[in-house]
Amino acid sequence: MAGFASQADEGYSEDPLTAISASASFSHKTRDDSVSALSSSQAASDFPAWMLQHISNLSISRKTELAMALLNDLPTSVISEIVEHLNPRLNIDFIRYLPPEVCLKILSFLDPVSLISVARACRTWYGLALDRKLWEQLYYMEGWSAKPKEIAAWEKSINGVRQGVSRRVDSETEGHAHKKRAITVSSNFDADMDSVMLDAGAIKQEPAEIDASESSLFGGPTGSADGGSISRRLDDLEAKSVGSGSGSAHKSASLDKGKGRARSPESSSSTRSKSNFLDTVLATPLSRLPRSTLWVLDDHDRRYKLNWKHVYTMRRRLESNWDLGKYTNFQLPHPNYPEEGHGECIYSLQFNPQYLVSGSRDRTIKVWDLETRRCLRTLSQHRGSVLCLQFDSDPEEDIIVSGSSDSDVIIWKFSTGKVIQTLKTAHRESVLNVKFDKRILVTCSKDKLIKVFNRRPLRAGDLGYREVSPVPTIINYGYNIAMAPEDLPQTPAWTLIGVLEGHSAAVNAVQIHDREIVSASGDRHIKVWDWPTQTCSRTIVGHTKGIACVQYDGRRIVSGSSDHEVKVFDRATGLEVASLRAHSALVRTVQAGFGDLPFQAEDDAEAAKKVDEAYFKALEAGLLDGTNRPKAGRRQGNAGSRRPEDICAYGAKLPPGGGGGKYGRIVSGSYDTSIIIWRRDKEGIWKDQQHLKQEEAAAVAVKLGRTTLPPVSNFLDAAAAAIPLHPSVRPGPSQQPGGSSSTLTANNSLPTQTASAPPSTSAGPSVPPPRPDSEQIRALIDEAFQAGAQALTRAIGNHPIILTQRQYIEGKIDRLQNALQYDARRIICCSQTSVIVGWDFCNGDKELEQAAQFFGPVE
C-alpha cells in the first residue's frame, strides 16, 4: 500500500488488508465507497450510533460488505482476537450441551471407524463414543448374532465374584452423596477392568466448569496420568480386521470422570488411602478377577457388564481369520486318547460351543467336551448304525434324539444319557434324518415318508391337536351335548400326530421353520409342507439328480445334490436365485448363513424389483437375444450376478444370490473330498473362497499328538462286499454284483442322499476291461466311484483286478464326507473314518476364544 512504509517480508504483518488484496471470493466495494453509501447524510461523529441503530435493516449482502470493509482495515492481531471470540459460535460442542440420549442417537448413524475418530476428539466424546449400547447396536447392524442367555449367565457369575468386594468399597468411599465418585485402582490391574464405560444416563448434561489453568488441550482436567491413559487406551480403539494374536493388555489408570476440578493435597492423600484399601481387598485370591477387556464397570449400578466394543473388535478379527484362511486344526478323539473314539465310521454329528455329539456305524452315540476333546459318555441302545441325531444341552430341554438303520428313534436325556422314550419302528426302513423344535419332532426315512410327533402333551386348541371322539356315536337323538375343550382327551407326548406323503423316493433331509417343514428327496424334488394341516404348499424342481441335503431359514431354501451343485431357491416363488458350482461329486452336506440385517426382507424385495426392471429395460432395448432370456427349461445357473444377460428368472422376492448382509457364508461338503467356503464378492456373486481338505487337516491334527488315524473297516474282503457308505445308499439285499439295482425310480433318478449315479439303465454304467497298468486301473476306479457306491460294487465284482488297488480305494472312501457343521468360529466334519476333524478360526488367539463364547452363528 502506498500509505505504509516499506517493510521486510518476515511472514507476518500488522498492516490492514485492502480491498485489492482481499480474497477474490468476495466482490465488495472499497472502504470509502461503502462508508459513503451508508452515511451519505450523516456526520462522521454520528456514524457509529447510526450504524448500530440501522444495521438490522441492512440486507445480508450489505452487512457482508460492511464487515469485510471493516476487517480489511484492522490489524492482524485484532482480527485474531475477533476469531477467538467467534470460535465458540463456529465450533459448538453439541455433545456437551445436548441430552446424552440425543447425542447417542446422532452417533448411532456413524460407522465404527468414524466412532473411533469421535473418541479421539476429547474426553467427553470419548465416553459417549464407547457407550456399551452404541457398540451393541453396531454389532447387530453388521448382521451378526449373539447369545443372550450366555451373556446373562456370564454377567451374573462375574458380578457374583465381585459382590463382597463392591459392598466394602462403597462403605469406604462414602462422602458427599451428591457428588459422583470415581475410583482409581492399583496399576497392577488392567485399566479396562475398572474404567467407567458411560451409558446415556451417566453423562453430565451441563458444561463442566474448568479454569483455563486447570484444563488440558482437550478441555478436561490436566494430569499426565489421565492424559497418558487416553493416549494409550485409544490405541486399542482401532477396530480393524487384523488377524493377529491376542491383543495386548492395557495397564493404564482409569479415566477421571469428575467435573475437572484440581484436587487438593488432602483429597489426593484420601484417594491414595482408598486406592490402597482397594488394592488390599482386590488382591485376595478368592475375589480377584482375571485381567480382561471383556467386561466394563457400568456406572449406574456398579456392576460389570459385557464390553460390546471389545466384542465387536473380536468379531471383526474372527471374520478376518475366515477371509484369510487362518485357523488351527484339531481332532476328536484327542490324539493322546484314541481309545475313546468310535470303533467304525461316523455318520452324523452336531455341536455347540461346549459339546459335540456323534453317531457311528458302531451303533453308539458319544458326547464330547470340545474344550478338552475328551469323551464324556457313550450311549448304546440302537440295534443298527446311528444315521442321524440332534441335541439340545440347555437344561430346559436336555435332550438327544437319534435315528438309526434299525428304524427306531430314541429320545435320550442329554445330561445323564438315560433313555426317555423309544419310538419302536418309527418307520418301515432306515431313519435318515431327525429334526425337532420346542413343539414337534420330525423324522424322515427311506420309506418315502415324513412323520411328525408332538414333544409336549396336547390339549384341544393346541397347534397339531387332532380331535378324536372318545365314544363313537351311532344314532343322534338330539340329546348329545357338545364337549367342552377341557373335557376332550389329551394327546400324550411323543405321539404320532401327522404323516406327510408325497415323495416318490427316499426322503433324505428335513428342516423345520415355524409351521413349515421343508423336505428334500432322491426324487429331485423339494417340498414345503404345512405340518398342522399336513398339506404340501409348494414343490420345487431345480436339481437334475437326487437331493442329499437341505436348509431353510423361512425365506431361502439351500440344497445340495448328486448333480454336484448347491442351489438357493426363493421360498415365496419357488424360483432359483443362485447356483453354485465348484464340486466334482455329490454335495453331501450344506449349511448357509446369509447374515440378514434389520429390514433385510424389504431391502431384498426392493433389490429384486430393480433387477427385474433392469432386465426388462435391456430386453426392450434389444440388448438381449433369445439365448439370454429365461426359459421354462433348465439354463446355465447364476451364482448371483445382477447383469440382465445373466438373469435366469424374474419375479422372485429375492435378488440374484439370495440377498442378505456382507458377512453371508455357505459351507458345503462333498464326496470329492473337499469342503468349500463360499463368500460373495463386491458384486454379490458367490465365489468358492477356500477349499479345505479333510485328510490334510487330519494329518496336521495328528502331528499334535502321538497317535495315527485308526484304519477303516475291512470292507474289501470280498469282491461283492458293500462299501461302507451312508446306509441310505448301501446296496440292498436284492442287489447283487453285476445285477440290476432296485433303488432306481421310474424317472431313473437315485432316491438317496449320497448316490451320485447319473440317470441310466438299470444295468448301470458300462465299465471297460481293466488294464494291467495301475494308472488305468485307478482311472477305472475313479469312473466307477463317481457313479456311486453301487457302480463301484459292480465294478469290483466284474473285475477283481481292481482289488490290487485296495489301498487306493480305501483312501478314497476315507475322504468321503458324511456330516458337516459350522458356527461362528469352527467347521467340524466327519467321514468314513472314526476320527472327527475340525478347523478353529480363532487360530489359537486366547483373547478371541474368550469372546467367541458369546458369538452366535451367521444366520
Side-chain angles (χ1 to χ4, degrees), residues 143 511 513-514 516-520 524-530 536-544 547 550-561 563 565-581 590 592-620 623-624 626-662 664-666 668 678-687 859:
Q511 286 282 311
H513 188 275
D514 197 17
E516 294 181 325
I517 295 174
V518 172
S519 59
R524 301 178 295 176
H525 293 165
I526 298 173
K527 289 183 179 291
V528 182
W529 311 80
D530 182 74
C536 179
S537 57
R538 184 174 295 280
T539 298
I540 299 174
V541 181
H543 289 281
T544 59
I547 304 172
V550 70
Q551 187 175 352
Y552 179 48
D553 66 358
R555 298 201 298 133
R556 312 169 186 89
I557 299 174
V558 185
S559 59
S561 167
D563 59 13
E565 293 186 43
V566 176
K567 289 182 179 291
V568 183
F569 299 94
D570 176 20
R571 159 64 184 91
T573 61
L575 297 175
E576 176 186 320
V577 294
S579 179
L580 285 56
R581 296 175 176 173
V590 66
F594 289 85
D596 286 344
L597 304 176
F599 310 106
Q600 189 69 59
E602 293 80 0
D603 293 343
D604 287 344
E606 185 65 24
K609 184 178 180 181
K610 291 181 179 179
V611 170
D612 289 348
E613 292 174 353
Y615 169 77
F616 286 114
K617 286 182 180 179
L619 190 62
E620 293 174 359
L623 301 178
L624 304 178
T627 60
N628 294 120
R629 301 183 184 182
K631 299 179 181 179
R634 187 173 183 274
R635 282 194 56 212
Q636 188 76 9
N638 178 13
S641 172
R642 301 190 180 189
R643 299 186 306 172
E645 58 268 27
D646 296 329
I647 300 302
C648 295
Y650 51 80
K653 301 299 182 183
L654 295 173
K662 62 181 178 180
R665 183 183 298 120
I666 297 177
S668 59
W678 305 82
R679 293 294 298 269
R680 280 185 289 243
D681 61 13
K682 294 181 179 179
E683 297 180 357
I685 302 175
W686 289 101
K687 300 291 186 180
E859 297 177 347

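Small disclaimer: the values here were computed from a predicted structure and weren't measured.
Partner of D604 under the salt bridge (Lys or Arg N to Asp or Glu O under 4.0 Å) criterion, out of R555, R571, K653, K609: R555 alone. Only one option out of S559, S561, S579 pairs with K567 in a side chain to side chain donor-acceptor pair (under 3.5 Å); it is S579.
Counting heavy atoms from C-beta outward, V566 and V558 have side chains that approach closer than 4.5 Å. Looking at K687 and R679, their side chains never come closer than 4.5 Å, going by heavy atoms from C-beta outward. Counting heavy atoms from C-beta outward, S519 and W529 have side chains that approach closer than 4.5 Å. Residues D563 and E565 meet the side-chain proximity criterion, which asks for heavy atoms closer than 4.5 Å. Between T539 and I526, every side-chain heavy-atom pair lies at or beyond the 4.5 Å cut-off. For the pair V577/F569, no side-chain contact is recorded, criterion being any heavy-atom separation below 4.5 Å from C-beta on. The shortest side-chain heavy-atom distance between I557 and V568 does not fall under the 4.5 Å cut-off. With contacts defined as side-chain heavy-atom distances shorter than 4.5 Å, the pair Y615/L624 qualifies.
Across A578 and G657, no two heavy atoms sit closer than the pair CB-CA, 3.9 Å. Taking every heavy atom of both residues into account, R680 and G659 meet most closely at NH1-O, 2.6 Å.
Using a distance-only test at 3.5 Å, with no hydrogens or angles considered, no donor-acceptor pair links the side chain of Q511 to the main chain of Q551. Listed for the S537 side chain is a donor-acceptor partner under 3.5 Å among the backbone atoms of V528.
For D603, the side chain to side chain contact (heavy atoms under 4.5 Å, CB included) test picks out Q600, with sequence neighbours left out. By the ring-ring contact (aromatic ring centres under 6.0 Å, His included) test, Y552 pairs with H513, sequence neighbours left out.
In this structure, D612 does not pair ionically with R642, as no charged nitrogen and carboxylate oxygen lie closer than 4.0 Å.
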Checklist entry - Please walk me through it: do V611 and I647 pass side chain to side chain contact (heavy atoms under 4.5 Å, CB included)? => result CA-CA 9 Å; V611 170; I647 300 302; 3.5 Å; yes
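A side-chain N or O of T573 and one of D570 form a donor-acceptor pair less than 3.5 Å apart.
Taking the ring axis of F594 as reference, the NZ or CZ atom of R556 stays within 45° of it and closer than 6.0 Å to the ring centre.
The 12-atom threshold is not exceeded at CD of E683, counting heavy atoms of other residues, nucleotides or ligands nearer than 6.0 Å.
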